[in-house]
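Take a look at the structure set out below.
Just so you know, these numbers use all the heavy atoms, side chains as well, and skip hydrogens, waters and symmetry mates.
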Amino acid sequence: MTSTASIAADFTARPTRGSVVRFVNSHTLPLLLAAVFIASAISTPDFATFANIRAILINTSIVGIIAVSMTAITISGNFFSLGIASSTVLAGIVFLAVSGLTGSALAGLGAAVAVSVTLGIMQGLIVGAGLNPVITTLAVGSVIYGLVAIATKGAVVTAGSVDVAWLATWNFLEIPLPVYIFVLFTAVAWFLTEHTLIGRNIHLLGANRATARNSGISPQATTIWAFIAFGVGLGVAGALNASQLHQMQANDLAGLTMDVIAAVLVGGTAVSGGEGSPTRSALGALLIVALGNIMLLHGLDNGWRVFLVGGIVVVLVVALHVLRKVSTR
Amino acid sequence: MNAAKEFFLKYSLQIVVLLLVVGIMVMVSPGFRGEAALFSSLERLIPLGVIAAGLAVTMIAGEFDLSVASMAAFAGAIAVQLGGLGLIASILIATVVGVLLGSLQGWVIARLGISSLVFTVGTLILLRGATWLATDGVPVTLTDYKLSDALMVRIWVFTPLSLTTIAVLAVLGIFLSRTRWGREISSIGGARQEAVASGVKLRSRLVLAFAISGGCGALAGALSSFRGGSATPDGLANMLLLALAAVLIGGVSLTGGRGGMINVAFGIAITAVLAAGMSSIGVKAFVTELFTGVLLLVVILLEFAISKAVAYRASLQRRRPHLAVA
Amino acid sequence: MTGSTPLRLEANGIFKSYGAVNALSDVRFELRAGEVMALLGENGAGKSTIVKVISGLVSPDKGSIEIDGTPTNISSVSLSQAAGIAVVQQEFSTVGTMTVAQNLVLGQQGTPWWWSPRRLNDNAVAILERVGLAGLNPSTPVEELSVAEMQLLEIARVLARDAKVIIFDEPTAALSDAEIVRVLDAVKRLASEGRSVVYVTHRLGEVFEIADRVTVFRNGKSEAPLEVKELDVETIVAKMIGRELGHLYPGKSAAVGEVVLETRGLRIPELRSEINLTLRRGEILGLTGQLGSGTAELMEALAGVGEIVSGEVLLDSQPLNTRGRQNGISAGVAYCSADRKKDGIFARVPIRRNLSSPWLHRLSAVGFVSARQEVDETNRYASHFAIDVKRMNSNVGTLSGGNQQKVALGKWLGINPRVLLVEEPTRGVDIGARADIYAQLRRLSDSGVGVIVSSSDTNEILGLSDTIATYFRGEQTSIRPAGEWTESALVREVMHREDANHD
Amino acid sequence: SSSSAAPGAPAASHGKGTGTTDGGGALLKVFMPSTSNVYLAAASQSIKDEAKALNYTVNIVENNWDQTEQDQQVQEWLATGERAAAVLMWPAGAAAATNSIRLLSAQAPVIQFNNLVTPEASKYVTAYSGVSDTGIGKEAGANALAAVEKLKAEGVKFHGPGGKPNVVEIRFTAGYAAGDDREKAFAEATPGAFNMLAVEPTPTVDAQGGFKAASQVIPRFLGQGIDIVYAHSNDVANGVVQALEQNGLKPGKDVILITGTSSGDMTNLRSGKIWSATLQSPVIEGALVVRTAAQYIATGQVQSGDVTIESSATKPELKVEAPHTATYMMNPQVTAENNASFDIWGLSFDKLMGK
Ligand SMILES: Nc1ncnc2c1ncn2[C@@H]1O[C@H](COP(=O)(O)OP(=O)(O)OP(=O)(O)O)[C@@H](O)[C@H]1O
Ligand SMILES: Nc1ncnc2c1ncn2[C@@H]1O[C@H](COP(=O)(O)OP(=O)(O)OP(=O)(O)O)[C@@H](O)[C@H]1O
Ligand SMILES: [Mg+2]
Ligand SMILES: [Mg+2]
């Protein structure tokens, strides 16, 4: 009874419970997405056309990029940002202004990312010091919105005669660049969270802050890294959004913050931190856009669309929650 | 005397910020004086104050009701359409609907043990959709605008609207701090397991907290829609963040258990004075938002600094080993 | 005694399992009116679990409970309270953000719902007096109380309830002697009033002072109750342990080498005197004292997570930077805290990633983690600690307490530790895993790692350490080779004399 | 849509006019949504300029596109007891603003602008002046018909049944009254001329919203062929341009883009990707509402009936005469060709748009 054998037995004797449940749980989203796509392809005549799928992808890409990059913040146990919309608008405006000045969209992109990352670092410093992330990002978001509105006087900002549109229109196999960037972004984010020290530390910090500190993982530095990742996503998304329409104004993107948060939560990343993945957030964003698209194709009016999306989000988060509980019991 | 001193000490940060905001507003706006200023600040309490109070109750219980602003919009749509039944009746019905929906929400959250933050992100969208369906996507208006006049009768600086808000705050304040059920709501936010071990019925208190927030949201929405004589499908959407900011500025903790209606009162007083003052100077809406953001940052930074100082003092005290037990 | 009169409380055929662990299996427990029943057993024997079942916090998988001969449903805390049961839980159950007065009535159905704060305070003063907390302001938030005051408050709360059955789960673990006397007096008084008391404790002396009968738990099973009058300490220990202690601990140090770690004039806020300790290669240094004696803070200071006022720490004669865990880790200081769930493991993260967490940076050349190296190294360390490599991808939270503790220890092997600081190495760990952990600590010490263990379990310290430092109320009271101590002398030392006559 | 009834009791109680358009420093109280939008910023500036020219004081209270907030602001102002010669009201949501307008009308004559007066509110509003969404819809309809004629003459074949052009309409947000008027007037101006494929509302009234709506609707009708897209504003149309291009359609060539208001960025209009817009100048709207107020204050009267002002090259002299119940601004067509040569009230197109 006192030997190591009993401990080994202890390990092996515990059955790996509910492997089917676990499979469904860990693949809920892909399975669900596949189901939704197949069902819609059958029931909705115009759904499975190339142009429509492309439209879904294009409409997902910007929300998706932000959702993917915000996942780092959520995983690190810092909930989410409530300042997404105004930060993205700022990035877009910086992109247009700098592109207009320098004549190069790439310079604009660089500047947008640089500004977003700087703001990310500032917020990361505040949050890393122990201040509440929800309040911090809410406050910073309001300040950014006010400053942008003052600086632009409400005018539409453009890049003048400089061609910034190629960033959003350049395409390969008739799929435009933002979609590739979204896919690439998701892949890179997945790789970074799984295979780099920082990605791993972000996970561990969210899983248990106290243990992380005792294991020599700095909560401050790790939080700042999560916010840097977020800043990169915002910068890229803002630039793509601005280049898509060659313009941006302070009031743009009003519903973006909620869209992104919904995507991350529908993706199943735990609000308490430590669990989740950028791929899931990307799929979450895709699912929400696809549902909206299907309802549009069925000619449902706006009220029904909002109502059903809300209903599906509720059902989905409840289902994910119950599955998680069952599989970890 | 001692009680007053304790009060000032406990709410020193909020008092200082409130005085500061009042001072600045009086200084920069020549029109922001006396009764007019008081009245215009008080009028801001609907819908902000009541929504904030409801949100705060769930936060004190360690949860979040993000659907509270959508609930307000939904209830507003119902109340306006029921206008034919009379002012009181339609507001009451709308509020009861809010209480019922809130309870249902609380029950699901308690039953499943799901994060209310996650769940109410869904119901926030769902209720907004319900509002669209209830209004058919267009603004709905009262058939008889005179109905709303009763809400705007002025009694010195008060109207039935601001008096309702004050009453709601007072009732909830007394409920939370003076009654068993109220204290149990705070206890499940402060230390849930401990509270349960002490015999607090978790589920029913959660249901109660969400019923209150649903009812508050609905009441605020109904009153505000009656004042305007109409309800719009996309109305009151910005109230969630405004109310959240007000509650946080007031010093209610995001992690539950700390803060009460006095904090909420301070929070909404500060934001109401700021908004009313700004609007009286004719400051642009986005500048007001900028200032709210700055204020929020200042408050949390101060709070952080104070908490660090308190922790440091406590560590100094700990150096005197072993407190003597009487 | 009785036979015909029904028992006050009788639990029959109680089963409760957590995953694969049977916390209670076919337990029978009885309680007569007006008696004090002591509940004894090793860590993890199931004492707190039966207490939780009776208090309605935990629903048993199977079993029935009768009160005064009537089957009674007590499946929730309020039902249990309504049935006349009041409990002082092992873990605190007061709410820190609320005042003393509010906590005293929290969850009590009997309190009128409209009581004003003044009424609550008046109510509180009377209750507090009974546990000697008369001077305490009832409107103080509980989080501002000391540990002892909190414990007394919990006891006061239970005394205030007019309960038929009162259960105390280790009420005196955090108390000093004067306070303990007060608690024991209160228990005697309750019994004399005709109430039944269940008293869970690890302090055997108390048993002889207050208990009428004893129920011993072992491995989730209960033994038939015994009259205290017919017992002595040796019999009780044998009943509890059911085996000989000798096999548990590895041999003592073979040879002691040069100094590894040394503290010079070290002052930390919680300790009143300077600490000068020397740890030599090949020896295990044990620190022991009761809760609150200062050992935990000393370990934290050495690990770099606590506060140091003055003095220095030398590691292999070089000054050690004790600001922050990162410095400690890079110097080779490993640290296992007392509460592994709170800050020792990542419960929802696989074993492998737990094991690699403190030294992952070593495997990441330019920030990218080398997966192969991670697998190789974690497998190696896992086998050192008898952790099944087949389970490396399971979450640590799904393991038993003993295996969780092995993970919490094993993760430090990868930093090439020069010093290992371990608090409460076997808290909540059962006997099999314990032996493994002790053997591993000894093996590490033999291989040249400096090992410091702190534990409130004197038996463990005596069995494991070569040198023992004792602490009492913020003061180091002795440092002597383990061989110079007997267990009773050591117990007397950490309890500080007054308690000595108890066993 | 506005009634020709004389102003209700409240306005009459203000008695006879002052006999002059000089304000003598009297207050014009303005309630309008946020100037974080360029149109409102320009309109607000124009109100200030015109008021200054006519010797009026203005005080503008902005809300964040929120009728509830505007209702509150109205309450607050009423409570101050401050006297104003007139209230200029841009309701945040016209359909929901009636009660505030009613309360204001008890205090001062209400001149409403930008959002058409609802039938319910008409008895409380003294006069309306500004944009006519019906006029814009009508003009857009006419522009669309003209474009079709021109293309037919060039031999272009349309995709709809019987050679009718297929049209997709990207309209303002569901429930937004301006959108309802523009949709209706367009339909009335083009009876039976088009095969309407879909009317899709945007989530927001800007380029972002236009893109979101169009990018999902256009793929759906690619197979049937889209000839014309009618977008309610140039700003929304900027999003539509992007959506068309992403689906391989060349706006201006494959698809004719007819739009309402000339808001937002003009690049696409200037390059011809957008076929035409209709002028909606914030500068003129701002000036017009102040002038209407001044005329009413001067005369104390309103003449029943609507009038649409001419596109004159010079700004007309302000006469002391009663304003009409509704005064609409001109909605001339704006195209790639004519936008450079615009000259109304001595202002270029850019100046008219407040740049
Ligand atoms: N919530 C839980 N989840 C899983 N296992 C548990 C839980 N609570 C108790 N256990 C396990 O049940 C067994 C009995 O624990 P219990 O707390 O009753 O022991 P105890 O006799 O009170 O020990 P101690 O003397 O250390 O307080 C232990 O193996 C413990 O790890
Ligand atoms: N807080 C908890 N919640 C849920 N399950 C738990 C919890 N803690 C432990 N468990 C479960 O209880 C089981 C045993 O834990 P416990 O600490 O009682 O083990 P143990 O009996 O001490 O084992 P060992 O033989 O290693 O000493 C584990 O399988 C784990 O899944
Ligand atoms: Mg126990
Ligand atoms: Mg155990």
Side-chain angles (χ1 to χ4, degrees), chain B residues 31 35-48 72-73 76 80 132 135-143 145-149 152 154 157 159 161 221 224-239 275-276 278-289, chain D residues 29-37 40-41 44 48 58-82 91-103 105-106 115 118-121 123-124 173-177 179-180 201 203-204:
Chain B
E35 281 183 25
L38 206 52
F39 174 83
S40 61
S41 303
L42 282 168
E43 273 308 283
R44 296 262 158 178
L45 296 187
I46 289 285
L48 175 71
V80 166
W132 274 86
T135 58
D136 232 354
V138 293
V140 290
T141 57
L142 283 178
T143 38
Y145 286 106
K146 300 243 162 44
L147 265 183
S148 68
D149 288 352
M152 285 174 265
R154 202 172 149 181
V157 294
T159 62
L161 291 170
S224 133
S225 301
F226 261 104
R227 169 172 52 202
S230 64
T232 52
D234 55 354
L236 300 171
N238 58 348
M239 272 301 146
M278 289 284 194
S279 145
S280 86
I281 330 172
V283 161
K284 300 182 189 322
F286 48 82
V287 180
T288 312
E289 179 152 356
Chain D
K29 186 77 186 177
V30 185
F31 294 96
M32 64 188 287
S34 169
T35 54
S36 65
N37 169 297
L40 284 96
S44 145
K48 288 182 194 154
V58 276
N59 179 290
I60 302 180
V61 179
E62 286 182 18
N63 65 76
N64 213 352
W65 291 100
D66 182 346
Q67 189 54 53
T68 317
E69 193 184 351
Q70 194 174 42
D71 293 341
Q72 241 161 29
Q73 292 166 333
V74 166
Q75 286 285 304
E76 284 163 16
W77 179 69
L78 289 175
T80 62
E82 188 178 36
T98 311
N99 208 25
S100 284
I101 294 170
R102 178 178 71 98
L103 297 167
S105 70
N115 274 227
T118 61
E120 291 173 308
K123 58 175 181 272
Y124 309 115
T173 316
Y176 186 21
D180 299 341
T204 51

Could you have a look at D/Thr98, D/Thr118, D/Asp180 and say which one has the most heavy-atom pairs with chain B under 4.5 angstrom?
D/Thr98
Distance from B/Asp234 atom CG to D/Thr173 atom OG1, nearest 0.5 Å?
8.0 Å
Leading residue by heavy atom contact count with chain D [cutoff under 4.5 Å; candidates B/Glu43, B/Met278, B/Met239]:
B/Glu43
Residue set satisfying side-chain contact (heavy atoms from CB on, under 4.5 Å) with B/Ala73, at least two apart, ordered chain then number -> B/Arg128, B/Thr131
Given that the side chain runs from C-beta out, which part of B/Glu289 has a heavy atom under 4.5 Å from chain D: side chain, backbone, both or neither?
side chain
Measure across B/Gly228 and D/Asn99 and return the closest heavy-atom pair with its distance rounded to 0.1 Å.
O-CB, 3.2 Å
Winner by heavy-atom pair count (cut-off under 4.5 Å) against chain D, out of B/Gly229, B/Ser40, B/Ala36, B/Gly137
B/Ser40
Check whether D/Asn64 gets within reach of chain B through its side chain, its backbone, both or neither, counting any heavy atom under 4.5 Å.
both
Kindly compute the distance separating CG (D/Asp71) from CZ (B/Phe226), expressed to the nearest 0.5 Å.
13.5 Å
Under 3.5 Å, is there a donor-acceptor pair linking the side chains of B/Ser230 and D/Gln67?
no
Below 4.5 Å from any heavy atom of chain D, which atoms of B/Arg154 appear? Answer side chain, backbone, both or neither.
side chain
Where does B/Leu161 contact chain D at under 4.5 Å (heavy atoms): side chain, backbone, both or neither?
neither
Is it the side chain or the backbone of B/Leu142 that comes within 4.5 Å of chain D heavy atoms, both, or neither?
backbone
For D/Glu82, is it the side chain, the backbone, both, or neither that has a heavy atom closer than 4.5 Å to a heavy atom of chain B?
neither
With a 4.5 angstrom heavy-atom cut-off, which part of D/Leu78 approaches chain B: side chain, backbone, both or neither?
neither
If you take all heavy atoms of B/Thr141 and D/Ala95, which pair is closest and at what distance?
CG2-O, 2.9 Å
Heavy-atom cut-off 4.5 Å, strictly under: side chain, backbone, both or neither for B/Asn238 against chain D?
side chain
Under the 3.5 angstrom rule, does the side chain of D/Gln72 hit a backbone N or O of B/Ile46 as a donor-acceptor pair?
yes
Gap separating the CG atom of B/Leu48 from the CD atom of D/Glu69, nearest 0.5 angstrom
10.5 Å
